[in-house]
Structures are given as structure tokens and as C-alpha cells.
Amino acid sequence: MPAGGRYWTVLEEGLGVEPVADRFLRELRFGRDRAESTTKAYAQSISLYLRWCRRTGRDWRTAADDMGLFMTWLKYTPSRGGRVVHGPGAKPVRNERRINGVLVAVRAFLTFAVVNHEASQHVLAQLYEVGDSRDLPREAQSEDGPFFRLRARHHLQEPKSDVDRASDEEIVALFGACLSARDRLIVLLLSRVGLRRSEAAGLRRSDLHLLPDNRSLGCAVEGAHLHVIRRDNVNGAWAKSRYSRSVPVDFLVVRAIDQYVLERQGLAEAAVCDFLLVNLFRQPLGHPVQPDAINELFEALCARAGIDRSISPHMCRHAFASNLADSGALLDEIQRLMGHASPSSAQPYFHPSASRLRAAVDRVPSPRELNSVTPG
């Protein structure tokens with residue numbers, strides 16, 4: 001856009017912009033203040049829906065009647081133009097979570113089309129059904145009794161699984177495989193501060209407040225910390241939450257920052273850049289690190305450390321939250337540190353390990369009578 005903001009859109013077969021999808025994605029980005037990455041995920045999902053309609057001869061405005069068939073197509077059709085995988089025992093190409101994510105975007109797109117008179121109102125009846133609040137969590141239920149709401153008709157049951165986190169041993173291995181102070185700082189920002197990759201890439205030097213008393217910097221927060229602030233950044237980094245937050249940092253992170261600052265001072269091109277993380281070894285030198293470059297870094301670190309599985313940046317963030325839960329942090333504390341909008345987002349981190357369950361059993365005192373009984 002002329003002001004510098006960016007969003008993703010969908011192209012037709014002739015490489016022209018699909019007008020309704022483009023209007024929806026533009027409104028999502030600038031009218032609803034959603035992240036650029038959100039428009040990318042929604043654009044990918046909408047493009048799958050439009051591709052299915054085109055290949056099966058359906059009009060996208062009325063194809064919601066056959067949403068179940070679309071879900072089957074998603075489950076067994078590769079993204080890059082391959083043939084449908086079918087037959088007994090065929091392995092799905094998309095899991096339940098991914099399909100549900102596509103359906104969320106498609107429902108939002110079709111609802112937008114109905115509101116803007118691009119599709120018939122009966123489409124909403126194909127997407128939603130009337131339900132009541134009794135199937136909602138207790139926290140979301142009203143004290144005045146059940147209330148009616150629209151409930152999505154199409155949804156796959158997702159298997160429950162533990163949070164996929166990097167283990168402490170894997171984080172130590174990643175840290176040891178780093179070849180620069182900057183890379184070590186990136187690993188710590190994700191694993192000991194809990195930042196998302198885009199939040200780390202979007203940090204400015206002015207976001208670091210590392211004094212015991214930061215009032216001289218105009219900040220009332222005590223102790224070393226950093227601020228996560230949503231901005232339109234030239235490197236495409238974007239804080240997910242629209243609300244700024246401050247996150248405490250420990251001595252390991254402060255020391256890593258000091259070492260990185262010394263390393264960065266050796267690069268003249270970095271002097272004028274206010275971004276914390278800059279390119280030190282690749283062109284353009286001194287420019288801010290892009291979020292995708294952090295993914296590339298972790299791929300290289302996994303190979304260099306000899307880790308036999310892929311560790312993503314987000315798995316280090318999960319490790320931070322899981323370690324918070326294991327150390328006794330409360331739900332609201334994890335929510336605030338992680339930048340979650342809802343306390344329920346932190347709930348998955350409270351799945352205890354087998355060792356914690358064993359320790360809980362061992363803490364239960366035995367009755368005195370049982371202690372005095374010995375086997376005959």
C-alpha cells in the first residue's frame with residue numbers, strides 16, 4: 001500500500017486479483033488490524049477453496065452446500081497440483097488442525113461476501129447452525145442461564161496431544177551450536193524470554209530497558225526488561241497482540257545482549273539501524289533480520305548440533321511456557337509473559353510430566369497404621 005502497509009491477496013488463474021477475496025483480505029489487514037501473517041494464512045486457505053471450486057466446476061458463492069466434500073478434498077489432495085490420494089489406508093496430506101484452520105478462513109470469507117451482497121444469505125445457513133451455550137466452557141456460560149449462538153456446522157475433532165516443545169537438552173545443544181553472539185541472543189530471546197520469532201525480529205534497541213531503575217528512560221517498570229510493541233516494520237516482523245507488554249529478562253539474557261552489542265559495534269553498517277537484530281554476515285549488511293531468517297538459523301543449528309528432529313523457533317517459546325508452568329507459575333502470570341489474549345491459551349502448558357505425577361503421589365503421607373505394618 002502507498003503508506004507502506006502490506007497484505008496478502010489471492011490471484012485468479014489469469015493472474016488477476018480475485019476482487020471479493022482481495023477486498024476481504026484488505027479489510028482484514030487494515031480494517032480489523034490483523035497481522036500481515038494472518039492475511040497470508042487466510043489467503044492460502046481461500047485460494048484452496050477457490051481452487052477446489054474451479055476444479056470441480058462449482059460456483060464459490062454457492063459451493064458451501066458441499067462443504068463436506070471440500071473437507072474430503074482438503075484431506076487427500078496435495079497442495080502443489082498432485083493427484084488426489086485415495087484408496088483404503090491412504091495417508092491424509094493435511095491433518096485435522098490444518099483443515100479446521102482452512103475452514104475458519106473460508107467461513108470468514110463467505111460471511112464477508114454475504115454481508116457485502118456478493119453471495120446469498122442462505123450461505124450462512126450452510127455454514128452455521130443455532131446452538132446454545134451449554135457446550136461452552138463453564139467460564140463462558142452466563143449466570144442467567146443458556147443463551148443461543150451461531151455454531152460452525154463443519155469441524156473435525158482434533159486429537160489431543162501434548163505441546164510440542166524443545167527439551168532443555170535440545171536448547172542447550174542449539175545454544176552451543178551458535179557461531180555468533182547474535183545467534184546465541186536469538187536462541188535466548190525465544191527460550192528464556194518466550195518471544196515469538198516476529199516479536200524478536202521486530203525489537204528495537206530502544207525497547208531494551210536494562211537498568212535497575214528505568215525512570216531515567218521514562219519507564220516505570222523496575223529491573224531489566226524489554227518491551228514488545230506492535231509496529232509496521234520494514235522487515236515484515238509483526239507482534240501478534242495489539243497490546244504492548246513488558247517482559248523481564250534475567251542475567252543470562254542481559255549478558256548475551258552485552259556480548260552481541262560488542263559484536264555489532266564491529267559492523268559500521270549497523271550503526272544507523274535502530275533494530276536490535278541485524279544482518280551481520282549476509283547482505284544487506286546492517287539491515288534488520290527478517291523473521292524467515294530465524295527459521296533458517298534454526299534449521300542450520302539443528303544440523304550443526306546433530307539434533308535428529310526439526311526444532312522450530314516456536315518450540316523454544318513453548319519450552320519457556322512449559323518451564324514456567326513446571327516451576328509453579330500461575331495461569332495469569334504465564335498469560336501475561338507470553339502475550340496471550342486469553343488465560344485459556346496458557347492452559348495446554350499445565351500438562352504435568354510423568355516425573356511430576358510421581359512426585360505428587362510421593363508427597364501424599366501414608367497413614368501411620370500402614371507405616372507400622374511389615375510383611376510377614
Side-chain angles (χ1 to χ4, degrees), residues 34-42 44-45 94-98 100-102 104-105 158-175 177-178 182-203 226 228 230 233 235-242 245 247 249 253 256 276-277 288-305 307-326 329 334-351 353:
R34 303 297 291 273
E36 178 188 330
S37 58
T38 300
T39 65
K40 178 180 180 180
Y42 273 54
Q44 291 172 335
S45 299
R94 296 179 183 86
N95 61 25
E96 293 84 355
R97 180 182 177 87
R98 172 59 180 145
N100 286 336
V102 172
V104 168
E158 299 179 20
K160 291 185 178 181
S161 60
D162 293 337
V163 172
D164 192 10
R165 56 156 293 177
S167 69
D168 294 342
E169 294 77 14
E170 288 170 335
I171 292 173
V172 170
L174 292 173
F175 188 83
C178 293
R182 185 206 62 183
D183 295 349
R184 289 191 290 271
L185 175 58
I186 290 175
V187 172
L188 290 179
L189 287 174
L190 273 58
S191 62
R192 289 193 69 85
V193 187
L195 299 188
R196 301 174 176 91
R197 61 167 196 157
S198 279
E199 292 173 342
L203 284 176
L226 56 82
V228 179
R230 174 182 281 192
N233 294 311
N235 62 346
W238 180 263
K240 186 174 181 179
S241 173
R242 62 174 58 92
R245 73 182 191 277
V247 186
V249 297
V253 178
L276 175 64
L277 301 174
V289 166
Q290 295 186 346
D292 287 344
I294 296 180
N295 287 69
E296 296 172 6
L297 168 64
F298 270 73
E299 291 177 4
L301 292 179
C302 288
R304 199 177 302 143
I307 299 176
D308 58 1
R309 67 172 185 145
S310 177
I311 305 295
S312 69
H314 212 68
M315 291 168 65
C316 289
R317 172 175 157 85
H318 286 323
F320 174 70
S322 297
N323 287 338
L324 285 174
D326 291 342
I334 297 178
Q335 174 196 359
R336 179 66 180 271
L337 290 170
M338 298 293 287
H340 290 147
S342 169
S344 62
S345 298
Q347 194 67 47
Y349 302 112
F350 282 88
H351 290 294
S353 63

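All values reported here derive from a predicted model rather than from experimental measurement.
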Q: Please report the shortest heavy-atom distance between Phe320 and Leu190, naming the atom on each side.
A: CB-O, 4.1 Å

Q: Would you check if the side chain of Arg245 reaches a backbone N or O of Val228 as a donor-acceptor pair within less than 3.5 Å?
A: no

**Q.** Over all atoms of both residues, closest heavy-atom pair of Glu36 and Gly236
**A.** OE1-CA, 4.4 Å

**Q.** Residue pairs, two or more places apart or on separate chains, that pass salt bridge (Lys or Arg N to Asp or Glu O under 4.0 Å) and touch residues 309-320
**A.** Asp164-Arg309, Glu170-Arg309

Q.
So does Trp238 get a backbone contact from the side chain of Arg230, meaning a donor-acceptor N/O pair under 3.5 Å?
A. no

Q: Could you give me the CA-CA distance, side-chain angles and deciding distance for Phe175 and Leu188, then say whether side chain to side chain contact (heavy atoms under 4.5 Å, CB included) is met?
A: CA-CA 8 Å; Phe175 188 83; Leu188 290 179; 3.8 Å; yes

Q. Got a donor-acceptor contact below 3.5 angstrom from the Asn100 side chain to the Glu158 backbone?
A. no

Q | Exercise: identify the closest heavy-atom pair between Pro313 and Phe298 | A | CG-CD1, 3.9 Å

Q) Do the side chains of Leu203 and Leu189 get nearer than 4.5 Å, heavy atoms only? A) yes

Q) Can you find a pair of side-chain heavy atoms, one from Leu226 and one from Leu195, that are under 4.5 Å apart? A) yes

Q | Inter-residue atom distance His318.NE2 - Ser191.OG, 0.5 Å rounding | A | 13.5 Å

Q | Those residues that, when tested against Arg242, pass salt bridge (charged side-chain N to carboxylate O under 4.0 Å, His left out) (two or more places apart) | A | Asp33

Q) From Leu185 CG over to Cys178 SG, what is the distance, rounded to the nearest 0.5 angstrom? A) 10.0 Å

Q: Enter the distance from Lys40:NZ to Gln44:CD here, rounded to the nearest 0.5 Å.
A: 5.5 Å

Q. Do the non-hydrogen side-chain atoms of Glu96 and Pro159 ever get within less than 4.5 Å of each other?
A. yes

Q | Residue Arg98 excluded, over 12 heavy atoms near CZ under 6.0 Å | A | yes

Q.
If you define the side chain from C-beta out and look only at heavy atoms, does anything of Pro288 sit under 4.5 Å from Asn233?
A. no

Q.
Under the rule for salt bridge (charged side-chain N to carboxylate O under 4.0 Å, His left out), what residues qualify as partners of Arg192, not counting sequence neighbours?
A. Asp250

Q: Looking only at non-hydrogen atoms, find the nearest pair between Ala319 and Ala166 and report the distance.
A: CB-O, 3.2 Å

(Q) Keeping Asn95 on the side-chain end and Arg97 on the backbone end, is there a donor-acceptor pair under 3.5 Å? (A) yes

Q) Who passes salt bridge (charged side-chain N to carboxylate O under 4.0 Å, His left out) against Glu296, sequence neighbours left out? A) Arg282

Q) Looking at CZ of Arg196 and SG of Cys316, how far apart are the two atoms once the value is rounded to the nearest 0.5 Å? A) 14.5 Å

Q: Working to the nearest 0.5 Å, report the span between CG of Leu297 and SG of Cys302.
A: 9.5 Å

Q. Which heavy atom in Ser45 sits nearest to a heavy atom in Ala105, and how many Å separate them?
A. CB-CB, 3.5 Å

**Q.** Sequence-distant partners of Arg304, side chain to side chain contact (heavy atoms under 4.5 Å, CB included), two or more places apart
**A.** Ala177, Leu179, Ala300, Leu301

Q) Between Ala239 and Glu199, which heavy-atom pair has the shortest distance, and what is it? A) CA-CG, 4.1 Å

**Q.** Value rounded to 0.5 Å, distance of CE in Met315 from OG in Ser310
**A.** 7.0 Å

(Q) Can you list everything that forms a salt bridge (charged side-chain N to carboxylate O under 4.0 Å, His left out) with Arg165? Sequence neighbours excluded, please. (A) Asp168

